[in-house]
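Inspection log for the structure reproduced underneath, given as structure tokens.
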Amino acid sequence: MSGLKSRQRFDKRILVFHIGSLLILLLLTARLIDLQWLQHENLALQADQNRIDVVPILPTRGEVVDDEGRGVAVNRVLFQVQMIPERVDDPDKAIKALAIMLHWDDDTIKRLRRRVAHARADRPVLLDDKLPWATVAPLAARLHHFPGINVLAGTERLYPYGPITSHLMGYLSLAQPDDIDQGAMPNELVGRSGVERSFDAMLRGDLGFQREEVDAHGRRVAVLNRSEPHMGHVLKLSIDMDVQKAAWEALGNRTGAVVVMNVHTGALLALVSKPGFDTNHFITGLEEQEWGAWLHDPHKPLLNRAIQGAYPPASTFKLITALAGLRYHAPLATGTTECKGVLKLADRDLRCWKREGHGRINLHRAIVESCDIFFYELGDQLGMEHLTDEARLWGLGQRTGIDLAGETSGYLPGARPEAKRQQWYRGETMITAIGQGATDATPLQMARFAAALANGGLLLKPRLQVVQSRVDVDPANLVIVRQAMRDVVADPHGTAHYELYNLPWHVAGKTGTAQVISMAQDSQGRDEPVYDHHRDHAWFIGFAPYEDPQVAIAVFVEHGGHGGSAAAPVAAAVIRTLAAKEQEQKPAPPLQAKTPAEPHA
């Protein structure tokens, strides 16, 4: 009986064993099916990823040229020396031999030895970079003596005009984590300001890739295939470097900005801010001391005054006041007043720049001779709301939309909701009417305003892809203002006559002198000494040729003094350059065949 029970227990165990074995076999079969069929593609991909390494190849950055094809941001060919340690019998000996040809000092040799010792043996190690051909030529001719050493050609960004185009072009720096998150490579240069930033995606180009087969240790076994990178696009700007250089040189050692714009398209011919900085230093390696010096320089070389500097527009704003007077039919816009050199306002004296006054004067003469008293009274008749509404119509108090980052909108009194007031003091309105007070504008805004005056009211967006809108203005009012602007130059009493009258093109414009510090209202003169940083800012805006306007210009000279003597000469230099270029482009007249002289009788 006991034997039967033992036999039954044994049979049960055998059954459990067979069932367990069958289940294990079924699980193994299911797993085999899962690996071989269901996950085949995924596992094959993982195996390839372990076996194949994809190495990105950076493209060459696209170049930037001016309207005549001259390089403004170009790439120059430089060379680098690399070592693949596993292919070099004795890396230390090779470094010593290279040091003689490439003129490395002892510190450099020690640093390179440490770099090679800590690098992967199968990967290229950079030994030297940014070398001209004259330096690497002796090594290139003897490379057969240096297995594992390579000389490779590369490119480096170069800005041929340096500070002249620094604010226009901007600068590059290595990609930061945020840039990498957006698709940039860790060792790629990314635009940080100016054109380099605004058109970064266009200039950067398309990455190339090299697929390499690697062993279990990650060492390259073979190059499977290579996809070449595509260079970034060549960007052609509307900037004319002849005009850009003329504006830069005309400013001399002074601080300021110049904007020159095509009045029909909005294309910028020049965008100058001075002082500038050498953008090449960002590529070759900017020292911390140099960066600190730029940051703390009182002249602020990193500030793009053309689009980021907002200043009182001074007497150039009188054109806005005149247009507002004509639009809203202010009595003085078509009448006259007596300028005695001073205007009483309660317990204050508002003075004209001309101490003895201008006498009986109308709108035309007030623009030509820049009479303050006339525009005090005209502004008083209009009120602050009409003044700021007119200024806003002509683009002040708002960004122009230029394709450069960091543009400021300037400021108009009451433009922001928190600054709106039910009533303004008469004195505030009066000084606003002559471009003083709280009103601020950028040189770019003033150039666009001048262009709109020249082209009949088209408010252009100053960028390469031109967009425009039209100001609702009576053409007759424009005629009145433009004729007065012409006489600012043509009339012997005009504030820009001396500097701009004898030019190849007839110019129309308006000067302005913006106070930096308030002068006592009862002050009888300006004979007291004035420190340089307290001197007035100088403005000139205008267009030319008067009969058929082609370009508008805005010149701002920081602490330059009077607009007629400081800003107008800069405009004259720019206009001479433009007129000379136009004359060069005109076709030569056809040669006339000479008629033989008749014989004398």
Side-chain angles (χ1 to χ4, degrees), residues 66 72-73 157-173 192-197 239-260 268-312 402 404-408 440-447 514 516 531-540 553-561 563 565-574 577:
D66 79 341
V72 183
R157 203 61 159 176
L158 175 67
Y159 302 98
Y161 297 98
I164 299 177
T165 57
S166 55
H167 295 100
L168 171 70
M169 290 309 307
Y171 64 93
L172 303 170
S173 70
R192 295 299 178 202
S193 67
V195 168
E196 293 282 24
R197 173 176 172 175
I239 296 294
D240 184 328
M241 282 310 303
D242 290 330
V243 181
Q244 183 88 358
K245 287 193 293 183
W248 176 272
E249 292 167 2
L251 280 171
N253 294 323
R254 297 170 296 182
T255 298
V258 181
V259 180
V260 184
L268 293 172
L269 304 182
L271 187 77
V272 172
S273 178
K274 198 169 188 179
F277 53 95
D278 193 346
T279 41
N280 290 302
H281 291 194
F282 286 92
I283 305 298
T284 57
L286 185 64
E287 297 291 339
E288 186 176 346
Q289 295 87 343
E290 186 174 19
W291 176 249
W294 287 348
L295 284 176
H296 299 104
D297 189 327
H299 296 296
K300 300 179 180 178
L302 298 176
L303 176 68
N304 186 350
R305 286 171 168 80
I307 67 170
Q308 295 174 325
Y311 311 93
I402 186 175
L404 293 176
E407 181 187 14
T408 185
D440 284 330
T442 67
L444 181 62
Q445 288 174 330
M446 298 309 292
V516 174
Y531 297 106
D532 284 346
H533 62 281
H534 288 164
R535 295 183 69 198
D536 297 339
H537 297 320
W539 278 97
F540 175 82
I553 184 170
V555 177
F556 172 78
V557 182
E558 194 169 291
H559 304 300
S565 59
V570 178
V574 170
T577 299

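Keep in mind it's a predicted model, so treat the numbers as computed, not measured.
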Backbone of [Y] reached by a side-chain donor or acceptor of [X] within 3.5 Å:
X	Y	value
H167	G194	no
H559	D536	no
S166	G162	no
Q244	T165	no
K274	E249	no

Looking at [X] and [Y], what are the two nearest heavy atoms and their distance?
X	Y	result
A447	A554	N-CB, 3.5 Å
A538	G561	CB-O, 3.6 Å
G309	P443	O-CD, 3.5 Å
A514	P312	CB-O, 3.5 Å
L404	V195	CD2-N, 3.5 Å
G560	A566	O-CB, 3.4 Å

Which distance, rounded to the nearest 0.5 Å, do you find between the [atom1] of [X] and the [atom2] of [Y]?
X	Y	atom1	atom2	value
L168	T279	CG	OG1	10.0 Å
Y159	I164	OH	CD1	15.0 Å
E558	L303	CD	CG	8.0 Å
I307	Q445	CD1	CD	11.0 Å

**Item:** For Q308, all residues meeting side chain to side chain donor-acceptor pair (under 3.5 Å), sequence neighbours excluded
**Value:**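 Residues passing side chain to side chain donor-acceptor pair (under 3.5 Å) with Q308: none at all.
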Sequence neighbours left out, what passes side-chain contact (heavy atoms from CB on, under 4.5 Å) with [X]? Give chain and number order.
X	answer
T408	A310, T442
P275	T255, H299, P301, R305
A306	A257, V259, L271, N304
L269	V260, V551, L578

Within-4.5 Å side-chain heavy-atom neighbours: [X] and [Y]:
X	Y	result
W291	L302	yes
V243	V574	yes
V72	I239	no

**Request:** Under the ring-ring contact (aromatic ring centres under 6.0 Å, His included) rule, collect the residues that match up with W248, sequence neighbours excluded.
**Result:**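 ring-ring contact (aromatic ring centres under 6.0 Å, His included) check on W248 returns nothing, list empty.
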**Request:** Check ring-ring contact (aromatic ring centres under 6.0 Å, His included) between Y171 and all other residues, then give those that pass, not counting sequence neighbours.
**Result:**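 If we apply the ring-ring contact (aromatic ring centres under 6.0 Å, His included) test to Y171, skipping adjacent residues, the hits are F282.
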**Item:** Pairing residues for D240 by the salt bridge (charged side-chain N to carboxylate O under 4.0 Å, His left out) criterion, not counting sequence neighbours
**Value:**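 Partners of D240 by the salt bridge (charged side-chain N to carboxylate O under 4.0 Å, His left out) criterion, ordered by chain and then number, come out as R70, K581.
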**Asked** Listed by chain and number, what are the salt bridge (charged side-chain N to carboxylate O under 4.0 Å, His left out) partners of R157, not counting sequence neighbours?
**Response**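 Result, salt bridge (charged side-chain N to carboxylate O under 4.0 Å, His left out) vs R157: E196.
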**Worked check of side-chain contact (heavy atoms from CB on, under 4.5 Å) between Y161 and K245** = CA-CA 9 Å; Y161 297 98; K245 287 193 293 183; 4.1 Å; yes
**Message:** Evaluate L444 against L268 for side-chain contact (heavy atoms from CB on, under 4.5 Å), listing each step before the verdict.
**Reply:** CA-CA 10 Å; L444 181 62; L268 293 172; 4.1 Å; yes
